[in-house]
> 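The structure is given below, and queries will be raised subsequently.
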Amino acid sequence: MGLATREAYGKALAKIILENEKIVVLDADLTKSTKTSDAQKVCPERHFNMGIAEANMMGVAAGFASSGYTVFASTFSMFATGRAWEQIRNSIAYPHLNVKICGTHAGIAVGEDGVSHQAIEDISLMRTIPGMEVYSPCDATETMAVIEYVSKTDKPCYVRLGRSGVDDVYSEDTKFDFSKIRVLKEGKDIAIFATGLMVQEALKAAETLKAEGINITVVDVACIKPLDEEGVLNILKTHDHIITAEEHNIIGGLGSAISDVSVKYLPKKITKIGIMDRFAESGPFNELLEKYNLTSSYIVKVVKDLK
């Protein structure tokens, strides 16, 4: 098991804050959990704990950004995208300010913390804000590359990060182009677009199916907005069946983004794997994934049903 994406975020932040004196980090009293404490250790003068005041934190982030700083504002995804949504919309996105909202503990990964902490609507909430870019890396290496990339842009961004450790998908020398989707396995007939930890589940499913003579295409979508429409269209053209997989509500997330491209260019039947428009519950993370069909075994079942 590799690092959690939140841990990789902390490592990336500690690196770039030393390299760029215009980077400022804000946190809403969760520095140890979000791992911004890594940046705090190496550069305490540009790390600010704003307390349990997420809306105020976004306002302060906007102030720093309007003064020429690149701001990383972190808390749990539920509190960032839910509690502070209005401030993100009006104070950050509307004036197009250089703030990177990095939400950790997304999806049902918080497990025992329950529904109040499980952000299953965050991608949708951020996708609908004009000009907001949305990223959902799948492992530590991709996370560090995303943080490096967004630190060099001047656009408002949301980066979705997880609590639990995940298997490594990429090697440290991987070159990333976040303007493009990435095909990890090539098959025929059926393609799976996955994001976040569901990339690993899709890859496991592909291995199981390959042993049974079924080869599928697995696509990692780390950048959900702006989406690589040309790349998505190429997959739509060459596959009869499309599946999307995400640790998020099936409404408004990756599945909706892929469906938007399909409706626009080439209508296809799309099967969405995700939280089926209901709240989850409190419980051990792995058991929740199993109960809500966010596993490789369920992907295998869906693929076989489509064959």
> Just jot down the side chain to side chain contact (heavy atoms under 4.5 Å, CB included) partners of Glu229, sequence neighbours excluded, or say none.
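Only Val261, Lys264, Tyr265 meet the side chain to side chain contact (heavy atoms under 4.5 Å, CB included) criterion with Glu229.
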
> Is the NZ atom of Lys268 crowded by more than 12 outside heavy atoms at less than 6.0 Å?
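Atom NZ in Lys268 is packed in, count exceeds 12.
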
> Report the distance from atom CG of Leu227 to atom OG of Ser179, rounding to the nearest 0.5 Å.
11.0 Å

> Are Glu281 and Lys291 close enough for a salt bridge, meaning some N to O gap below 4.0 Å?
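Here Glu281 pairs with Lys291 in a salt bridge, since their nearest N and O are under 4.0 Å apart.
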
> Determine, for Glu19 against Lys15, whether the closest basic-nitrogen to carboxylate-oxygen distance falls under 4.0 angstrom.
yes

> For Asp154, which residues count as a salt bridge (charged side-chain N to carboxylate O under 4.0 Å, His left out) partner, sequence neighbours excluded?
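In terms of salt bridge (charged side-chain N to carboxylate O under 4.0 Å, His left out), with neighbours along the sequence ignored, Asp154 is linked to no residue.
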
> Taking Lys204 first and then Glu201, would you say they form a salt bridge - that is, a charged N and a carboxylate O separated by under 4.0 Å?
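So Lys204 pairs with Glu201 through a salt bridge.
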
> Is any side-chain heavy atom of Thr195 closer than 4.5 Å to a side-chain heavy atom of His248?
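The answer is no; the side chains never approach within 4.5 Å.
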
> With no hydrogens and no angle check, is any side-chain donor or acceptor of Lys225 less than 3.5 Å from a backbone partner on Arg127?
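It does hold such a pair.
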
> Is a salt bridge present between Glu148 and Lys152, judged by a nitrogen-to-oxygen distance below 4.0 Å?
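Judged by the 4.0 Å cut-off on N to carboxylate O distance, Glu148 and Lys152 do form a salt bridge.
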
> List the steps and the verdict of side chain to side chain donor-acceptor pair (under 3.5 Å) for Thr36 and His47.
CA-CA 8 Å; Thr36 67; His47 180 286; 3.1 Å; yes

> I'd like to check the side chain to side chain contact (heavy atoms under 4.5 Å, CB included) partners of Asn90; sequence neighbours left out, ordered by chain and number.
Glu86

> Main chain of Ile88, side chain of Ser91: is a donor-acceptor contact present, judged purely on distance under 3.5 Å?
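Judged by distance alone, no pair lies under 3.5 Å.
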
> Applying side chain to side chain contact (heavy atoms under 4.5 Å, CB included), name anything that partners Lys32, two or more places apart in sequence or on another chain.
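Lys32 satisfies side chain to side chain contact (heavy atoms under 4.5 Å, CB included) with no other residue.
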
> Taking side chain to side chain contact (heavy atoms under 4.5 Å, CB included) as the definition, give me every residue that meets it alongside Arg83, ordered by chain and number, with sequence neighbours left out.
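Residues passing side chain to side chain contact (heavy atoms under 4.5 Å, CB included) with Arg83: Ile52, Glu54, Phe79.
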
> Look at atom CD of Glu172 and say whether more than 12 heavy atoms of other residues, nucleotides or ligands are closer to it than 6.0 Å.
no

> Who passes ring-ring contact (aromatic ring centres under 6.0 Å, His included) against Tyr69, sequence neighbours left out?
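In terms of ring-ring contact (aromatic ring centres under 6.0 Å, His included), with neighbours along the sequence ignored, Tyr69 is linked to Phe64.
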
> Could you tell me whether the side chain of Phe72 reaches within less than 4.5 Å of the side chain of Ile17, counting heavy atoms only?
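No, too far: nothing below the 4.5 Å cut-off.
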
> Give a yes or no on whether the backbone of Val150 and the side-chain of Lys100 come within a donor-acceptor separation of less than 3.5 Å.
yes

